[in-house]
Amino acid sequence: MPQPPTPLRFCPTAVDATSTELGLPNEVAVPLDEEHISICKPSSREAQRYKSLLRWLDECVAA
């Protein structure tokens, strides 16, 4: 029987500083001490990245 796949581990240096940008209007690139998973999946609904994305989505729906 085949082995189940192992989870991928991401190295913090595998993502360059500008690839973390969401491409939102008026976004300012700020280097982060983060890795891929923590950027893609914010730790909570209180995280600034989550709030910024939610605000942008609300603006898109309202338009």
Side-chain angles (χ1 to χ4, degrees):
M1 184 165 216
Q3 294 289 339
T6 57
L8 295 174
R9 303 263 185 239
F10 293 94
C11 174
T13 58
V15 179
D16 71 43
T18 59
S19 68
T20 62
E21 295 174 24
L22 295 173
L24 301 176
N26 302 317
E27 180 179 18
V28 176
V30 177
L32 302 173
D33 186 21
E34 303 263 1
E35 58 185 57
H36 180 81
I37 295 297
S38 64
I39 292 169
C40 294
K41 184 178 180 183
S43 58
S44 75
R45 292 182 178 192
E46 299 306 311
Q48 185 60 44
R49 183 167 288 275
Y50 178 87
K51 291 178 180 181
S52 295
L53 184 56
L54 188 60
R55 185 171 45 252
W56 177 77
L57 288 171
D58 285 341
E59 290 172 5
C60 288
V61 171

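All values below were derived from every heavy atom in this structure, side-chain atoms included, with hydrogens, water molecules and symmetry-related copies excluded. The residues of the chain are indexed from 1 along the displayed sequence.
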Asker: Extract all donor-acceptor atom pairs below 3.5 Å that involve side chains of residues 56-63 and protein atoms in other chains or at least two apart in sequence.
Answerer:
none

Asker: Under the 4.5 Å side-chain heavy-atom rule for ILVMFWY, direct or indirect, which residues accompany Leu54?
Answerer: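 Besides Leu54, the cluster holds Tyr50.
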Asker: Please report the shortest heavy-atom distance between Cys40 and Pro42, naming the atom on each side.
Answerer: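 The answer is O-CD, 3.6 Å.
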Asker: According to salt bridge (Lys or Arg N to Asp or Glu O under 4.0 Å), does anything in residues 37-46 pair up with another residue at least two apart or in another chain? List the pairs.
Answerer: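 Listed by first then second residue: Glu46-Lys51.
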